[in-house]
Amino acid sequence: MDKHDNVQDDQLYKLRHSAAHVMAEAVLELYPEAKIAIGPPIDTGFYYDFDLGKDENGKPRTFSPEDLETIEKNMRKIIAGRHPFEYREVSADEARALFADQPYKQELIDGLDKGGIDEYGNETDEKPVISTYKQDTFEDLCRGPHVEHTGQIPPDAFKLMSVAGAYWRGDEHNPMLQRIYGTAWRNKKELRAHLDMLEEARKRDHRKLGRELDIFIFDEEVGPGLPLWLPNGTIIVEQLEQLAWEMEHEAGYQQVRSPHLTKEDLFLRSGHLPYYSDRMYPAMELDGGTKYYVKPMNCPFHHKIFASRPRSYRDLPIRLAEYGTCYRYENSGELFGLMRVRSMQMNDAHIYCTEDQFEQEFMAVIGLYLKYFKLFDIEKYVMRLSLHHPKGLGKKYVDNPRLWQKTEDMVRNAMRNGGVEFVEEQDEAAFYGPKIDVEIWSAIGRQFSLATNQVDFAVPPRFDLKYVNSEGQEEVPLCIHRAPLGTHERTIGFLIEHFAGNFPVWLAPQQVSVIPITSDHNGYAERIERELQAAGIRAAADLGSDRMNAKIRAAQLMKIPYMLVVGDQEMENETVALRRRDGSRQNGMPLAEFKADTLERVRTRSLSLA
């Protein structure tokens, strides 16, 4: 398993951080009155946020594409100057004087002076030292680290990529700033590889391929973030549901179903209201003022099912699974194709178990992840153990330090005993317990958040969930929340990009296109279509008026795995001329052989076409 690239590559981190400062200096040369906010290094580069003020018409001033070219040129001049990055510590008053005309910096300085946040506005354990770094004419509120001098930033290994709007501190009630994104690498070759990956990613963009392959659409009259699955997309959905059902049936899960809405009482009891209300659709007042909500998650319903009758330790573990439709009111600016939606179908399940059963159950879920990774040819992934932070107790997290420590140790020990590598991330847990978050990488190296495996020690007591142990005493079960296939939306979005629309045969919406050479062969093509369909193969005969080559091209554009071309010879011999999506061919193939081979590939969910 590949691990995250550490902040590790200290030199790359420093290089990107330093490039952000050089960019800010270059922007101030172009717009001397600009107000600067923050500029951190990020996974593949850096960004910096600016407030350019108003133009002559009173509208917010924005960067133009020409500006980015000028800023890059200015950056290279600054880099050529080999200006040292000079560190110094300052008092809060000195910092306020230094950044007297920079309101965003003033706000950050106030936070630093009070303690508890860093120069980016993030929470910290200790009151930080206020410090700056200066290169050439530019000085910034910063704790580093940086390269020694600007000359250590390779001038041919960075590029400014785009401009986007970003609310100050991510709050839509704050001013909208202009954010310039850049990418920076150790050398020109690495930059070229990154840019090539981005170009390939554009070709694989699930929004583009989703339209071209008739998988899903969005419609303004339906609403943003509410996908409509077309017939091809629905086939993929059904195949994933069948896969999940088989895997879960084999693992001893029981399928349940729950309604799409509920009285507010249920979410008040679970604790999701009022703390999760900003992600929920507004209430509907019915039945004389009773409030109903469409559900943002399935958990409380499953808790009710568990509690619907007395439970004994002999019944446990109980594994309740549902592909439940949930609704979450994501901010409009965060919506992104299938990756961030407001309506989602979740591969959800809740496992109720004893403490003694926990490790086996938890690791069985991890094992399910690994099976899916193999099935979908996912080679690079990371499992992240997301922990609580003591400062968040009673606010962001359930206030029970003892159970936090206990359950975090249980998850950590389970992963170690199972020989599964993981990294730890503080202050990323669910409000009710620690979790394993799963990050995966597509075939071209794009990173995706797929799913989660969570421990819940807090909500079961809220629902009075109990079982009778072997001593005849009542105990509260642990609950494991898991969703190995995430949501249909996010998983299919990932798979579209991962396979570039070239789905394995079992997942392809149309598996076979039967192509007659002339209309004289239509009857044989139709007969093949019927025979394959009767066997459960998704086949269709193209009987249109287009010429054969046009039909082949149409099938290739739809990325259909198999094309069966039939003419006089094939009719006479009961064979087909097979063309595979990858370009390989096999003439004179007996139809029965093709059918048997295809069915076996579907049955085994093979990744190969031959």
Side-chain angles (χ1 to χ4, degrees), residues 203-204 206 208-216 229-240 242-243 372 374-378 442-444 491-517 524-544 546 548-566 570 575-610:
K203 295 176 184 175
R204 292 173 176 244
H206 75 279
K208 171 179 175 288
L209 289 177
R211 288 190 303 271
E212 293 173 357
L213 300 179
D214 292 335
I215 293 172
F216 69 93
W229 293 103
L230 303 178
N232 283 350
T234 302
I235 289 171
I236 298 173
V237 165
E238 290 171 344
Q239 291 303 309
L240 289 178
Q242 178 64 25
L243 169 65
Y372 287 139
K374 184 176 181 181
L375 187 64
F376 293 122
D377 198 28
I378 297 169
S442 70
I444 61 166
T491 297
I492 291 175
F494 166 78
L495 292 175
I496 290 172
E497 298 195 10
H498 183 56
F499 290 119
N502 296 305
F503 297 110
V505 180
W506 69 273
L507 198 55
Q510 183 178 337
Q511 296 163 327
V512 180
S513 178
V514 187
I515 300 172
I517 293 176
Y524 183 50
E526 287 183 287
R527 201 186 98 204
I528 292 173
E529 176 190 69
R530 289 193 299 272
E531 185 172 334
L532 294 179
Q533 288 178 351
I537 296 170
R538 295 187 291 277
D542 188 344
L543 306 179
D546 289 337
M548 178 191 73
N549 286 338
K551 293 178 180 180
I552 291 172
R553 178 61 179 156
Q556 290 171 334
L557 288 174
M558 293 303 291
K559 301 181 183 291
I560 297 170
Y562 299 126
M563 290 151 275
L564 304 183
V565 179
V566 294
E570 287 76 24
T575 60
V576 295
L578 170 62
R579 289 174 177 245
R580 299 183 183 89
R581 184 176 56 204
D582 61 10
S584 61
R585 302 185 187 188
Q586 186 173 344
N587 294 327
M589 186 177 195
L591 178 59
E593 181 183 333
F594 170 78
K595 181 170 68 174
D597 183 71
T598 301
L599 288 172
E600 181 62 14
R601 293 187 186 283
V602 171
R603 185 189 69 80
T604 59
R605 294 189 171 93
S606 172
L607 288 164
S608 67
L609 297 180

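Residues: numbered from 1 along the sequence shown.
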To the nearest 0.5 angstrom, please state how far the [atom1] atom of [X] sits from the [atom2] atom of [Y].
| X | Y | atom1 | atom2 | value |
| --- | --- | --- | --- | --- |
| N502 | L495 | CG | CG | 12.5 Å |
| R579 | M563 | CZ | CE | 7.5 Å |
| D542 | I552 | CG | CD1 | 10.0 Å |
| I378 | F494 | CD1 | CZ | 4.0 Å |
| I528 | T575 | CD1 | OG1 | 8.5 Å |
| Q242 | E238 | CD | CD | 9.5 Å |

Before giving the answer on side chain to side chain contact (heavy atoms under 4.5 Å, CB included), spell out for N587 and E570 the whole-Å C-alpha distance, their side-chain angles and the decisive distance to 0.1 Å.
CA-CA 9 Å; N587 294 327; E570 287 76 24; 5.7 Å; no

Derivation and outcome, side chain to side chain contact (heavy atoms under 4.5 Å, CB included), residues W229 and I236
CA-CA 10 Å; W229 293 103; I236 298 173; over 6 Å; no

Under a 4.0 Å N-O cut-off, is there an ion pair linking K208 with E212?
yes

Which atom pairs, donor and acceptor, lie under 3.5 Å between side-chain atoms of residues 603-610 and protein residues at least two apart or in another chain?
from	atom 1	to	atom 2	distance (Å)
R603	NE	E600	OE1	3.1
R603	NH2	E600	OE2	2.7
T604	OG1	E600	O	2.9
R605	NH1	E246	OE1	2.9
R605	NH2	E246	OE1	3.3
R605	NH2	E246	OE2	3.3
S606	OG	S608	N	3.1
S606	OG	S608	OG	3.2
S608	OG	R601	NH1	2.9
S608	OG	A610	O	3.3

What residues, two or more places apart in sequence or in another chain, satisfy salt bridge (charged side-chain N to carboxylate O under 4.0 Å, His left out) together with E593?
none

Hey, does the side chain of [X] reach the backbone of [Y] with a donor-acceptor pair shorter than 3.5 angstrom?
| X | Y | value |
| --- | --- | --- |
| Q533 | A539 | yes |
| R581 | K559 | yes |
| H498 | F376 | yes |

Tabulate below the donor-acceptor pairs under 3.5 Å that side-chain atoms of residues 507-515 make, not counting sequence neighbours, or state none.
from	atom 1	to	atom 2	distance (Å)
Q510	NE2	V512	O	2.9
Q511	OE1	R538	N	2.7
Q511	NE2	V505	O	3.0

Show the nearest heavy-atom pair for residues [X] and [Y], with the distance to one decimal.
| X | Y | result |
| --- | --- | --- |
| L599 | A535 | CD2-O, 3.4 Å |
| F594 | L532 | CE2-CD1, 4.2 Å |
| N232 | L213 | ND2-O, 3.0 Å |
| L243 | W506 | CD2-CH2, 4.0 Å |
| K551 | G544 | NZ-O, 3.0 Å |

Test item: side-chain donor near acceptor, R580 and Q586, under 3.5 Å
yes

Applying side chain to side chain contact (heavy atoms under 4.5 Å, CB included), run through L209 and I215 and close with a yes or a no.
CA-CA 8 Å; L209 289 177; I215 293 172; over 6 Å; no

Should [X] and [Y] count as side-chain neighbours, where that means a heavy-atom distance under 4.5 Å?
| X | Y | answer |
| --- | --- | --- |
| F216 | I496 | yes |
| Y524 | P516 | no |
| Y562 | V576 | no |

Could you walk me through whether L564 and L578 pass side chain to side chain contact (heavy atoms under 4.5 Å, CB included), step by step?
CA-CA 5 Å; L564 304 183; L578 170 62; 3.6 Å; yes

